[in-house]
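A short write-up of the structure that comes next.
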Amino acid sequence: MSFFAPTAPEARLHPTFSALANGPIHSAAKRVIEYMMRWYRDQDGNFVEQFQTAGFDARLWELYLFATLIEAGYTIKQPNPAPDLKAIGVAGSFCVEATTINPSQDGSTTPKPTSESSENEIAAYLQHYLPIRFAGPLTTKLSKRYWEHPEAAGLPLAFAIQDFHDELSMTYSGTALSVYLYGKVVDVSSGSVETPVVSVIAEHRWGTKVVDSGFFSFPGAENVSAVLFNSAGTLSKFNRIGVATGFGSPEVTLVHKGYRYGGEPPARERFATEVGVGYSERWIHGMNVFHNPEAKHRFDPELLPGAAHHFWLGDRFESWIPDSHLESSQTLIVRLVS
């Protein structure tokens with residue numbers, strides 16, 4: 001299977017795919033994907049066509065999940081017809097169904113708050129607009145009842161979601177996902193780190209759109225053991241790992257910068273690192289696992305030990321954060337032109 005042999009007219013190609021396939025700035029990512037396609041099975045029969053056209057983001061997210069699970073030591077099955085991935089390993093087995101938040105079909109966007117925005121505007125955006133964007137894909141997946149498929153029977157089932165609704169939207173929407181999943185907001189500013197104020201949110205409202213909050217409490221959601229999210233699960237990670245492996249163009253330099261956690265206990269820190277051969281980053285870095293407190297089949301944290309794991313334990317929100325966990329980051333691409 002060739003991911004890069006054209007399957008559609010140039011006018012239909014996704015612009016990021018065209019840059020990946022033909023330009024030098026993503027050449028390291030292209031080499032990584034070329035190697036991966038030797039093992040990835042096209043279970044739907046349209047993976048390559050979608051990867052090259054309108055489904056580029058969603059299909060890249062699936063490749064990211066595939067790479068992460070392989071790195072974690074799992075044997076991967078791609079059940080037909082669903083769910084997307086079944087991970088089989090020494091620590092146990094589980095299934096993953098992938099989904100994405102995509103741009104609005106009419107091309108419209110809701111601008112994110114700026115430094116000039118009021119606290120109320122920022123709070124409304126994070127507690128209402130962004131959760132509504134997560135609600136659509138997750139409730140659609142819930143309605144498909146993937147736990148009833150034979151390959152998923154009796155196993156933990158995780159929905160893996162990535163946010164592509166706007167440029168760099170995945171770098172700031174992760175906290176909104178937690179709000180939507182649990183229907184709760186933690187406000188440290190009104191209390192303390194030890195005893196924060198917890199507010200329950202019954203619904204999210206934005207304009208005329210209203211959706212119920214607390215995804216994990218929905219009928220049928222007890223069959224979803226966890227929701228996975230990684231703001232770093234993008235083409236930039238493929239590029240960074242490719243450069244660290246020795247791929248890429250000598251005329252392209254990558255600089256990875258953002259926020260991560262380090263030390264003991266973990267503390268948030270700013271970083272900026274030039275990416276080169278030997279640069280240290282794993283596929284799982286940045287992965288967040290939000291555990292369903294009502295899950296029928298518990299998702300054991302040992303299934304993904306390199307990820308950050310988040311739990312609501314009664315009225316307390318608890319996070320297990322590994323060293324070097326990526327909170328949010330960007331990759332600057334510098335190209336030398338003679």
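Bear in mind that the values here come from a model prediction, so they are computed numbers and not experimental data.
- Counting heavy atoms of neighbouring residues, nucleotides and ligands inside a 6.0 Å radius, atom CG of N80 exceeds 12 of them.
- Looking only at distances, a side-chain donor or acceptor of H309 sits under 3.5 Å from a matching main-chain atom of L304.
- Residues T140 and T99 form no side-chain contact, since every pair of their non-hydrogen atoms from C-beta on lies 4.5 Å or further apart.
- Chaining together hydrophobic side chains whose heavy atoms lie under 4.5 Å apart places V211 alongside I122, Y125, L126, Y129, L130, I132, Y172, W206.
- What you find for A308 and H325 is that their closest heavy atoms are CB-CE1, 3.5 Å.
- Using a 4.5 Å cut-off between side-chain heavy atoms of Ile, Leu, Val, Met, Phe, Trp and Tyr, with links allowed through other members, I76 and L60 fall into the same hydrophobic cluster.
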Exercise for the section: Before giving the answer on side chain to side chain contact (heavy atoms under 4.5 Å, CB included), spell out for L157 and H297 the whole-Å C-alpha distance, their side-chain angles and the decisive distance to 0.1 Å. Expected result: CA-CA 8 Å; L157 169 66; H297 302 289; over 6 Å; no
Practice task
List the steps, then state whether side chain to side chain contact (heavy atoms under 4.5 Å, CB included) holds for Y64 with Q162.
Solution key: CA-CA 11 Å; Y64 163 74; Q162 180 60 294; over 6 Å; no
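- Between A98 and W61, the shortest heavy-atom contact is CB-CD1, 3.9 Å.
- Across all their heavy atoms, A29 and L20 have their closest contact at CB-CD1, 4.0 Å.
- For the atom pair OH (Y74) and OG1 (T68), the distance works out to 12.0 Å, reported to the nearest 0.5 Å.
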Handout entry: Derivation of the side chain to side chain contact (heavy atoms under 4.5 Å, CB included) call for D57 and H165
Key = CA-CA 10 Å; D57 291 331; H165 88 267; over 6 Å; no
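- For the atom pair NZ (K237) and CZ (R282), the distance works out to 9.5 Å, reported to the nearest 0.5 Å.
- Heavy atoms only, all atoms of each residue included: E151 and C95 are closest at O-SG, 3.7 Å.
- Looking at heavy atoms from C-beta onward, Y40 lies in side-chain contact with E62 at the 4.5 angstrom threshold.
- Put simply, OG1 on T16 and CG on L235 are 7.5 Å apart, with the number rounded to the nearest 0.5 Å.
- Within the 4.5 Å cutoff, no side-chain heavy atoms of W312 are placed close to those of L181.
- Looking only at side-chain heavy atoms (C-beta outward), F311 and P301 come within less than 4.5 Å of each other.
- At distances below 3.5 Å, not a single donor-acceptor pair connects side-chain atoms of R31 with backbone N or O atoms of N239.
- Between L254 and V252 the shortest side-chain heavy-atom distance falls below 4.5 Å.
- Checked options T331, T245, T273; the residue passing with R240 is T331 (criterion: side chain to side chain donor-acceptor pair (under 3.5 Å)).
- Annotation: F229 is not in aromatic contact with F290 [ring centroid separation under 6.0 Å not met].
- Judged by distance alone, with hydrogens and angles left aside, the side-chain atoms of S173 form no donor-acceptor pair with the main-chain N or O of A176 at under 3.5 Å.
- Within a 6.0 Å sphere centred on CD of E119, other residues, nucleotides and ligands contribute 12 heavy atoms or fewer.
- In this structure, the side chain of Y146 does not engage the main chain of V96 through any donor-acceptor pair within 3.5 Å.
- Side-chain atoms of N292 come within 3.5 Å of backbone N or O of A221 as a donor-acceptor pair.
- Within the 3.5 Å criterion, the main-chain N or O of P24 finds no donor-acceptor partner in the side chain of K30.
- In this structure, the side chains of L85 and Q78 come closer than 4.5 Å at one or more pairs of heavy atoms.
- The aromatic ring centres of F3 and F51 sit less than 6.0 Å apart.
- By the rule that hydrophobic residues join a cluster once side-chain heavy atoms approach within less than 4.5 Å of another member, V275 and I333 end up as members of one cluster.
- A pairwise comparison of heavy atoms in P131 and Y180 identifies CB-CB, 3.8 Å as the closest pair.
- Side-chain heavy atoms closer than 4.5 Å link hydrophobic residues (I, L, V, M, F, W, Y) into clusters, and following such links, even through other members, never connects V179 to V186.
- Note: H291 and F216 fail the aromatic proximity criterion, with ring centroids not under 6.0 Å apart.
- The CZ atom of F47 lies 8.5 Å from the CD atom of Q50; values are rounded to the nearest 0.5 Å.
- Here the NE2-NE2 distance, from H204 to H128, works out to 7.5 Å after rounding to the nearest 0.5 Å.
- Taken to the nearest 0.5 Å, the CD atom of E167 stands 9.5 Å off from the CE atom of M170.
- Across all non-hydrogen atoms, the minimal contact from F218 to D212 is CZ-O, 3.5 Å.
- No donor-acceptor pair under 3.5 Å is formed between the side chain of E34 and the backbone N or O of V32.
- When F299, F159, F94 are each tested for a side-chain contact (heavy atoms from CB on, under 4.5 Å) with S225, only one passes: F299.
- Using a 3.5 Å distance cut-off with no hydrogens or angles, the side chains of Y259 and R270 do pair a donor with an acceptor.
- No side-chain heavy atom of P83 sits under 4.5 Å from any side-chain heavy atom of K144.
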Handout entry: Derivation and outcome, side chain to side chain contact (heavy atoms under 4.5 Å, CB included), residues L326 and E281
Key = CA-CA 10 Å; L326 291 172; E281 181 175 354; 3.7 Å; yes
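- Note: the hydrophobic cluster containing V200 does not contain V185 (ILVMFWY, side chain heavy atoms under 4.5 Å, direct or indirect links).
- Looking at S93, its side chain never comes within 3.5 Å of a backbone N or O of K86 through a donor-acceptor pair.
- Between the side chain of E97 and the backbone N or O of D84, at least one donor-acceptor pair lies under 3.5 Å.
- In this structure, the side chains of D163 and R133 stay at 4.5 Å or more apart for every pair of heavy atoms.
- A chain of hydrophobic side-chain contacts below 4.5 Å, direct or via other Ile, Leu, Val, Met, Phe, Trp or Tyr residues, connects W39 to L65.
- Side chains of T100 and N102: a donor-acceptor N/O pair is present below 3.5 angstrom, by distance only.
- Of the possible donor and acceptor atoms, one in the side chain of N230 sits under 3.5 Å from a partner among the backbone N and O of H285.
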